[in-house]
Enquirer: 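Starting off with a structure, shown below.
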Amino acid sequence: MEQKSIEELGEFGLIDHLTNDFVSKHPQTIKGIGDDAAVIKRGDKAVLISTDMLVEGIHFDMMYSPLMHLGYKSVVVSLSDIFAMNAVPTHITMSIALSSKYDTAALTELYQGVKKACDFYNVDLIGGDTTSSLKGMIISVTAYGSADEKDVVYRSGARNGDVLCVTGDLGAAYLGLQILEREKRLYLDNPGVQPELSKHQYAIERQLKPEARRDTIEYFKKNGFKPTSMIDISDGLSSDLMHLCKQSSLGAHIEEGKVPMHDDTQTMAIDFRLDPITCALSGGEDYELLFTIDPKDLDKIRYMPDMAIIGEMNDPKDGVKLHTTGGNIYPLKAQGWNHFEE
Ligand code: ADP
Ligand code: MG
């Protein structure tokens, strides 16, 4: 039988292709592949597990990623997937592969960042693995979390008519990356030139030192609220909304004018001759939370800070649509990071 190429399959097609034949053997496996974290039952509790990998040259560039920030970020991106299940992260393991260009001082700095994140998010580093690599650095962090089983929120729980919400603002991390890449090119062409970064601090920080939305999960708990579905935005709003829709077997629409963006994001996008909404929809690496609410619960989060209502879940036959401020309706495309298409 002819096999499809990786390009044809894409990242998610490849994961499906590789994992199709795996059936859970243990009744405790509540959720295996297909959500932000796997869910394993332990009495009334659930253990959450999620793993993420960062590869030098793909996810980070040593020319502009300070090692301390890189250590911090590598923990944060894993914890974000635990929060996205409405759970609290408790432990991580961290594995690194290193080429000979790294010395003890560099790795000490990396681990200072890891420690900062562990302290800030109250998680224990409990192990990992260290090995060599032919080229560059590879970092893999596995995060473990815990929740009452009844509190776990999946991508698949949205219902038709649920209100679609997002935390924080979108698109800044992507523009931060554009700035860093631009300054890198200028520097390489002309090594005497000092990089022009101070004007774009917000976006650069969102790229180099993101935070995960622990505050959102805490707010939900304090207000006795549980979303019907949730996902963290790592690939971009469009892509991640499509995951939510697919897993919940629904369509959705979002309103362009409601998608939250920082003022700096809007001006920087225009500087780069990019459409701000495209950056917000397709940028990725925001690590905000996208979630759905049963309309009758709206009162419980009426005063939630840093949250925007951006749309609604619809019938699957309506597809996934963007209503523009100009009154047009476009189907959304998944344009998130797809490393196999680079
Ligand atoms: P996220 O963006 O939330 O980190 P991913 O898009 O990376 O999630 O992964 C989607 C799902 O596929 C997850 O359940 C993840 O554990 C699983 N997955 C990804 N790569 C593999 C792999 N190589 N083998 C098995 N499962 C995988
Ligand atoms: Mg995720």
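Remember, it's a predicted structure, so these values are computed and weren't measured experimentally. Side-chain atoms are counted along with the backbone in the values below, which use heavy atoms only and exclude waters and symmetry mates. Order of appearance sets the numbers: ligands from 1, and atoms from 1 within every ligand. Throughout, residue positions are numbered sequentially from 1 according to the sequence presented.
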Enquirer: Please identify which atoms of ligand 1 are closer than 4.0 Å to at least one heavy atom of D35.
Expert: 13 (C), 14 (O)
Enquirer: Quick one: look at I33 and ligand 1, take heavy-atom pairs under 4.0 Å, and tell me if it's side chain, backbone, both or neither.
Expert: both
Enquirer: Which of the numbered atoms in ligand 1 are below 4.0 angstrom from a heavy atom of R155?
Expert: 3 (O)
Enquirer: Atom 7 (O) of ligand 1: which protein heavy atom is closest, and how many Å away?
Expert: E11 OE2, 4.4 Å
Enquirer: Can you tell me if F12 has a non-hydrogen atom under 4.0 Å from ligand 1?
Expert: yes
Enquirer: Just checking, any donor-acceptor pair under 3.5 angstrom between side chains of S80 and D232?
Expert: yes
Enquirer: Starting at CG of D162, measure out to OG of S229 and round the result to the nearest 0.5 Å.
Expert: 7.0 Å
Enquirer: Restricting to N/O/S, name the atom of D36 that gets closest to the Mg ion (ligand 2).
Expert: OD1
Enquirer: Do other residues, nucleotides or ligands put more than 12 heavy atoms under 6.0 Å from M261 CE?
Expert: yes
Enquirer: Give a yes or no on whether atom 22 (C) of ligand 1 lies under 4.0 Å from any heavy atom of the protein.
Expert: no
Enquirer: For the residue pair T265 and L175, what are the closest heavy atoms and their distance?
Expert: O-CD1, 3.3 Å
Enquirer: Among protein heavy atoms, which sits nearest to atom 24 (N) of ligand 1, and what does the distance come to when rounded to 0.1 Å?
Expert: T19 CG2, 4.0 Å
Enquirer: Just wondering, more than 12 heavy atoms not from D44 lying within 6.0 Å of its CG?
Expert: no
Enquirer: Using a plain distance cutoff, I'd like to know if D36 has any nitrogen or oxygen under 3.5 Å from a nitrogen or oxygen of ligand 1.
Expert: yes
Enquirer: Only to 10 degrees, please: what angle do the OD1 atom of D232 and the OD1 atom of D81 make about the Mg ion (ligand 2)?
Expert: 90°
Enquirer: How far is atom 14 (O) of ligand 1 from its nearest protein heavy atom, and which residue and atom is that?
Expert: G34 N, 2.8 Å
Enquirer: Check each of T292, L244, L290 against R155 using the side chain to side chain contact (heavy atoms under 4.5 Å, CB included) test, and report the only one that passes.
Expert: L244
Enquirer: Any idea which of I15, D52, D232 brings a heavy atom closest to atom 9 (O) of ligand 1?
Expert: I15
Enquirer: Hey, mind stepping through Y330 and H323 against ring-ring contact (aromatic ring centres under 6.0 Å, His included) and telling me if it holds?
Expert: CA-CA 7 Å; Y330 293 113; H323 292 189; over 10 Å; no
Enquirer: Please confirm whether D81 comes within less than 3.5 Å of ligand 1 when only nitrogen or oxygen atoms on both sides are compared.
Expert: yes
Enquirer: Heavy atoms of the protein only: does one fall short of 4.0 Å from atom 12 (O) of ligand 1?
Expert: yes
Enquirer: So, K300 and D297, do they make that salt bridge, N to O below 4.0 Å?
Expert: yes
Enquirer: Ignoring hydrogens and angles, state whether a donor on the side chain of E211 or Y72 is under 3.5 Å from an acceptor on the partner side chain.
Expert: yes
Enquirer: Which atoms from ligand 1 have a heavy atom of S234 less than 4.0 Å away?
Expert: 2 (O)
Enquirer: Between F120 and R214, is there a cation-pi geometry (under 6.0 Å to ring centre, at most 45° from the normal)?
Expert: yes
